[in-house]
Amino acid sequence: MSDNKIPYKIYLTEDEMPKAWYNLRADMKNKPAPLLNPGTHQPLTAEELSPIFCEELVQQELDDTTPFIEIPEEIRNFYKMYRPSPLVRAYCLEEKLGTPAKIYYKFEGNNTSGSHKLNSAIAQAYYAKKQGLKGVTTETGAGQWGTALSMACSYFDLDCKVYMVKVSYEQKPFRREVMRTYGATVTPSPSETTEVGRKILAAHPGTTGSLGCAISEAVEVATKNPGYRYVLGSVLNQVLLHQSVIGLETKAAMDKYGIKPDIIIGCAGGGSNLGGLIAPFMGEKLRGEADYRIIAVEPASCPSFTRGTFSYDFCDTGMICPLAKMYTLGSDFIPSANHAGGLRFHGMSSTLSQLYHDGYMEATSVEQTSVFEAAEMFARVEGILPAPESSHAIRAAIDEAMKCKETGEEKTIVFGLTGTGYFDLVAYQKYNDGEMSDYIPSDAEIAESIAKLPKVD
Ligand SMILES: *Cc1c(COP(=O)(O)O)cnc(C)c1O
């Protein structure tokens, strides 16, 4: 099909939307390593996971073999309110760059939460409701996950308790108010409301918090309150499963126009949007049906893939959560307070970690000033104000497109535009005022937290 027939935006019809999620693990020869009990270092059983997570989500977490899992109709109906999300041809960005590359982005920011996180939040709330629970607890960093979960909980009439990383709680009062509008209770973390929060505050007075410590607090509250379970917005296998809706739609939209990507790019915090975007493409790659370059982009200030160690580690700072085998900087690692761009988690999805370890994907790290430079250029030509997290992917996509300009190659690049940046204006302000700087942790700093990894053999 000739290029000029490809519309600016490719939408699917409701009928063309995926009816099942795709479980990438089913096609992996080397499965992601199982979660371990932090006490015994034995693989966690469904029985042990059930006090923390909803039953169906435990099943999904442990299922390494079923390739497709039906999306319940209630969830599909909710999806229809804000999906399918458009696959956009970035004609204006291509022109601005003067590149022969064809650039596409899958835009997940068209809902009130402003990100892809709603795709998993609604699924997790649905299963909690189905199990007859009273409510759920969670952590949120920049606030997108908390907002998404608040929306999902209000839809299914569940109570929602959110522990929000303190630096974001202070920098993003408007996020907090959106969550409260949807009925959630929001507490800055670390807080005095939990045992683990009090311990962290005593050990690191004045800490601006981290996702890892907010997770510890949320898990403690879920396990101490009957009728509550903990839900997590990234990292876990179940979250990657739900996010596969992004990749399935992307692939269906591309297939509709006979487009085959050469390079697929996504930002990586805990790995959920990237895992979802690449899922069906990686499936083809694993089955030997097609080949793609797949690139994870992370911040230079929190470089789990590019400078971390592939090892068992805690998912939380409080060291009460299961151990996951992943690329990690150590659960003690807290990114510099100067870091404004999200993606602050010390670890990475076990599934993506295994795929990276086995050479199925690449990773790169970028500095935040260059990320905001890319964000600004993108906003000016494509119109959308991108989230700083998403802008990591924009940076890498622009860099790849510029390489094509040098070589004259007409590569097709697709990247995940995970969300909008309306609540990140303090960070944009810093950039606009020329006050943003880059912080790259030293080898010694990373070695210090890596040295505290749990010993698992
Ligand atoms: C949470 C978030 C991310 C990073 O999380 P992943 O689990 O790595 O996808 C990226 N972009 C936006 C907009 C987010 O809200």
Side-chain angles (χ1 to χ4, degrees), residues 85 105-121 124 138-151 162 164-165 168 172 175 178-179 211 214-215 231-247 264-279 294-299 302-305 315 324 326-327 335 339-353 356 361 363 365-366 371 374-375 378 384-396 415-424 427:
S85 72
Y105 57 90
K106 178 71 167 165
F107 181 46
E108 291 291 319
N110 260 339
N111 67 77
T112 296
S113 81
S115 82
H116 65 285
K117 293 204 171 67
L118 194 54
N119 300 332
S120 184
Q124 298 197 46
T138 199
E139 80 295 333
T140 196
Q144 289 95 321
W145 169 244
T147 309
L149 190 68
S150 309
M151 292 172 70
V162 179
M164 185 170 187
V165 178
S168 306
K172 300 182 177 184
R175 268 273 178 226
V178 178
M179 288 186 256
L211 267 186
I215 294 174
V231 294
L232 181 58
S234 183
V235 185
L236 296 174
N237 294 329
Q238 56 188 278
V239 183
L240 267 71
L241 174 73
H242 306 146
Q243 295 297 355
S244 69
V245 69
I246 303 172
I264 305 167
I265 298 171
C267 63
S272 75
N273 87 82
L274 178 65
L277 173 67
I278 67 174
I294 294 172
I295 308 173
V297 193
E298 57 187 14
C302 192
S304 326
F305 268 138
C315 293
M326 57 187 175
Y327 278 86
H339 171 70
L343 311 175
R344 296 169 64 91
F345 187 57
H346 65 271
M348 187 55 64
S349 138
S350 295
T351 299
L352 292 188
S353 293
Y356 178 65
M361 52 187 276
S365 73
V366 290
V371 166
F378 183 85
I384 296 170
L385 182 74
E389 292 90 339
S390 321
S391 304
H392 289 71
I394 300 175
R395 174 78 267 164
F415 72 89
L417 187 69
T418 50
T420 47
Y422 303 117
F423 290 102
D424 301 288

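In listed order, ligands and their atoms are each counted from 1. Numbers for residues simply follow the sequence, beginning at 1.
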For residues S391 and A374, report the shortest heavy-atom separation together with the two atoms involved.
-> O-CB, 4.4 Å
So the atoms of ligand 1 within less than 4.0 Å of a heavy atom of E389 turn out to be 10 (C), 11 (N), 12 (C)
Which ligand 1 atoms does G269 reach within 4.0 Å, using its non-hydrogen atoms?
-> 8 (O)
What are the atoms of ligand 1, with element, lying closer than 4.0 Å to any heavy atom of S115?
-> 13 (C), 15 (O)
Would you say G419 has any N or O atom under 3.5 Å from an N or O of ligand 1, going by distance alone?
-> no
Which atoms from ligand 1 have a heavy atom of S234 less than 4.0 Å away?
-> 6 (P), 7 (O)
Examine the proximity of ligand 1 to A268 and report which part, side chain or backbone, both or neither, has a heavy atom under 4.0 Å away.
-> backbone
With E108, the side-chain contact (heavy atoms from CB on, under 4.5 Å) member among S85, S115, S113 = S85
When every non-hydrogen atom of V371 is compared with those of P388, the smallest separation belongs to CG1-O, 3.6 Å
Which atom names give the shortest non-hydrogen contact between S272 and L240, and what distance separates them?
-> CA-CD1, 3.7 Å
Min heavy-atom dist H116 to ligand 1 below 4.0 Å | yes
Identify the closest protein heavy atom to atom 5 (O) of ligand 1: which residue and atom is it, and at what distance?
-> K117 NZ, 4.0 Å
How close does the nearest protein non-hydrogen atom get to atom 12 (C) of ligand 1, and which residue and atom is it?
-> T418 OG1, 3.3 Å
Would you mind telling me if ligand 1 is within reach of the side chain of V235, the backbone, both or neither, using heavy atoms under 4.0 Å?
-> neither
Please state which part of S272 comes within less than 4.0 Å of ligand 1, counting heavy atoms only: side chain, backbone, both or neither.
-> both
Considering non-hydrogen atoms only, spot the tightest contact between I384 and Y105 and give its length.
-> CD1-OH, 3.8 Å
Please report the C-alpha distance between L118 and M151 in whole Å, then the side-chain angles of each, then the deciding distance to 0.1 Å, and finally whether the side chain to side chain contact (heavy atoms under 4.5 Å, CB included) criterion is met.
-> CA-CA 8 Å; L118 194 54; M151 292 172 70; 4.0 Å; yes
Min N/O separation C267 to ligand 1 under 3.5 Å = no
Before giving the answer on side chain to side chain donor-acceptor pair (under 3.5 Å), spell out for T418 and S390 the whole-Å C-alpha distance, their side-chain angles and the decisive distance to 0.1 Å.
-> CA-CA 5 Å; T418 50; S390 321; 2.6 Å; yes
Quick one: look up the protein heavy atom nearest atom 4 (C) of ligand 1 and list residue, atom name and how far away it is.
-> L343 CD2, 3.4 Å
Under 4.5 Å between any side-chain heavy atoms of V162 and T138, yes or no?
-> yes
Where does E108 meet ligand 1, judged by heavy-atom distances below 4.0 Å: at the side chain, the backbone, both, or neither?
-> neither
Less than 4.5 Å apart, any side-chain heavy atom of I278 and any of L352?
-> yes
